[in-house]
Amino acid sequence: MGRLFGTDGIRGVANVAPLTPELTCRLGRVAATYLAERVGSTRRRPALLIARDTRLSGPLLEQALVAGILSAGVDALVVGVLPTPAVAFLTPVLGAAGGAVLSASHNPFEDNGVKLFSSEGDKLPDVWEDEIEARLEAGLDGARPTGARIGRARPVPGAERRYLDGLRASLPAGFDLAGRRLVLDCAHGATYRVAPRLLRSLGAEVATLGARPTGRNINRDVGALHPESLQARVRATPGTIGLAFDGDGDRMIFVDETGAVRDGDHVLAVCAKVMAARGELRGGVVVSTVMANLGLERALGALGIRMVRTSVGDRYVLEEMRRLGANLGGEQSGHVIFLDHARTGDGLLTALQLMRAAAEAGEPLSTLASGVQKFPQVLLNIRVRTKPPLGEVRGVAETVSRWEAKLDGRARLLVRYSGTESLARVMVEGDDQTTIEAAAREIAAAIREEIGAMA
């Protein structure tokens, strides 16, 4: 089969291996068996919580996954369309042995994926994913119970309400958004219902974009990866703030009242400053990744806040946060973890905490975000046909080494593969735009020459 799990679960084209109904059914059976084993014996039948985003292929793969779970003698708690972080929140609340989300996050609608969660609402560690994958590879699908021991598919009444109640509980008593004018871009994805409902319940005046999913329009020219329409709406409506989510709702970026697009680096800086002021930033540290702009590190340093970098992926951010005892971390892409309130990135939680920070600071978001002076950064994506270790691809390694010597510490250079797509990513950051563009273009050309996919 090849490696199934990437940095954020399994992902690919729906109805093509490995995301065929047959393989998804097997995955459901093996994952349910393994996660049930992890929680041990209980007085009741173990259960897995299942949610999906709005993709056309969602029901197809949902039914296959549920069939596999039931055939393992595990119940399936089916909640339909809800954001990924809702599963992370609800899994321990409902006492489930684990959870699964059918989503390909920011990818186009043709793609889909499976993200798995532990009984505590954490994304599975690599060793757990490796074990599930090894069992699939070896054909160890587990027992097939019969009769009354077959699992049952059960709806979860009030799942959405419980998730929204949990989000509101992250705010201090009496906090509201009365007088705030917000435009939400829900990417035609999993937040299309819950985001407007939550923010209106707090008193905000809410308008929406990307809130009419058809199954085929998720992430298409909308959402956190395409904020241009949101930016235009904010600029045309003075006094508004724009909040953009991605397809599965675990990331959020914003457009401030001036119409400027602000990413996860800005969210981290704004929230870290206010959390530190109220004495709630544990360890005086923020965890981000190698992709975070140097401007964020400088802005935090000016506040006396240390920044620690990890590999790309919110699971690695979370691991480092726990190791350091930190309670704030995230990625430039808009995945932000507020560990006092959630165990994974949650776009809606991030929106609430950002609005709270702005209210407590008593300053416009544009002013708060201006504390981060971004260094020029070039990011290029190159479609590849295979993913050998980049250090072993001679032409690429030589080009990278040559530019590292030429830059001599005056810029940051990062070349890596995407964990969820057939892409190589080249990031170069420094104080001279012309130089970093030249470096990025030359390295990208070397990658295309050696391992680039055919057009």
Side-chain angles (χ1 to χ4, degrees), residues 9 24-25 27-53 62-63 65-103 114-125 127-129 131-132 135 142-145 147-170 190 194 198 248-250 314-315 318-319 322 337-346 348-349:
T24 304
C25 182
L27 173 66
R29 186 159 53 242
V30 171
T33 300
Y34 179 72
L35 292 172
E37 290 172 3
R38 297 291 313 186
V39 298
S41 60
T42 62
R43 289 182 297 175
R44 59 180 181 176
R45 192 199 316 267
L48 259 60
L49 182 68
I50 314 299
R52 58 181 172 87
D53 66 20
E62 178 186 69
Q63 291 185 44
L65 188 69
V66 169
I69 293 167
L70 303 186
S71 75
V74 175
D75 286 356
L77 306 179
V78 184
V79 297
V81 174
L82 275 181
T84 289
V87 171
F89 171 79
L90 290 169
T91 295
V93 168
L94 297 172
V101 179
L102 292 155
S103 175
V114 183
K115 304 180 187 185
L116 297 174
F117 291 84
S118 73
S119 61
E120 296 182 341
D122 292 326
K123 291 183 178 179
L124 301 193
V127 291
W128 291 26
E129 291 182 342
E131 176 62 22
I132 291 171
R135 293 186 185 191
R144 292 174 180 264
R149 292 181 298 150
I150 293 173
R152 300 175 184 177
R154 296 188 275 130
V156 184
E160 181 178 303
R161 173 186 53 77
R162 295 175 79 166
Y163 170 53
L164 296 184
D165 285 348
L167 289 169
R168 283 187 284 262
S170 73
V194 292
L198 172 66
D248 73 328
D250 62 357
D314 58 345
R315 73 165 72 184
L318 178 60
E319 287 173 3
R322 286 176 168 159
I337 300 173
F338 295 89
L339 198 51
D340 292 334
H341 307 294
R343 306 167 78 99
T344 189
D346 186 329
L348 291 176
L349 176 63

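On a predicted model such as this, the values are computed, not experimentally measured, just so you know.
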* For Ser119, check side-chain hydrogen bond (donor to acceptor under 3.5 Å, both in side chains) against everything at least two apart and list the hits. => none

[atom1]/[X] to [atom2]/[Y] distance, rounded to the nearest 0.5 angstrom?
X      : Y      : atom1 : atom2 : result
Arg315 : Thr344 : CZ    : OG1   : 10.0 Å
Ile337 : Arg322 : CD1   : CZ    : 8.5 Å
Thr33  : Ile132 : OG1   : CD1   : 10.0 Å
Leu65  : Arg52  : CG    : CZ    : 12.0 Å
Leu48  : Leu70  : CG    : CG    : 10.0 Å

Give a yes or no on whether the backbone of [Y] and the side-chain of [X] come within a donor-acceptor separation of less than 3.5 Å.
X      : Y      : answer
Arg343 : Phe89  : no
Ser170 : Leu167 : yes
Arg144 : Gly73  : no
Asp346 : Leu348 : yes

Do [X] and [Y] come within less than 4.5 Å of each other through their side chains, counting heavy atoms only?
X      : Y      : value
Val66  : Glu62  : yes
Val114 : Leu27  : yes
Leu116 : Val101 : no
Thr84  : Lys115 : yes

Shortest non-hydrogen contact from [X] to [Y]?
X      : Y      : value
Pro145 : Ile150 : O-CG1, 3.4 Å
Val74  : Pro46  : CG1-O, 3.3 Å
Pro83  : Gly249 : CB-CA, 4.3 Å
Ala88  : Phe117 : CB-CE2, 3.9 Å
Ala159 : Val79  : CB-CG1, 3.7 Å

* **Within residues 150-159 or reaching into it, pairs that qualify as side chain to side chain donor-acceptor pair (under 3.5 Å) - sequence neighbours excluded** =>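 Found Asp75-Arg154.
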
* Asked: Which of these passes side-chain contact (heavy atoms from CB on, under 4.5 Å) with Leu82: Val156, Asp248, Asp53, Leu90?
  -> Leu90

* Mutual orientation of the aromatic rings belonging to Trp128 and Tyr34 [parallel < 30°, tilted 30-60°, perpendicular > 60°] -> perpendicular

* To do: Assess whether salt bridge (Lys or Arg N to Asp or Glu O under 4.0 Å) is satisfied between Glu120 and Arg38, documenting all intermediate values.
  => CA-CA 11 Å; Glu120 296 182 341; Arg38 297 291 313 186; over 6 Å; no

* To do: Please assess Lys123 against Asp314 for the test salt bridge (Lys or Arg N to Asp or Glu O under 4.0 Å), listing each intermediate value before the final yes or no.
  => CA-CA 9 Å; Lys123 291 183 178 179; Asp314 58 345; 3.0 Å; yes

* To do: Evaluate side chain to side chain contact (heavy atoms under 4.5 Å, CB included) for Leu49 paired with Leu94, printing each intermediate quantity in order.
  => CA-CA 9 Å; Leu49 182 68; Leu94 297 172; 3.9 Å; yes

* To do: Run the salt-bridge test on Glu37 and Arg135 with the 4.0 Å N-O cut-off and return the result as yes or no.
  =>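 A salt bridge is present here (some side-chain N lies under 4.0 Å from a carboxylate O).
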
* To do: Could you tell me whether Asp165 and Arg168 make a salt bridge, using a distance below 4.0 angstrom between a side-chain N and a carboxylate O?
  => yes

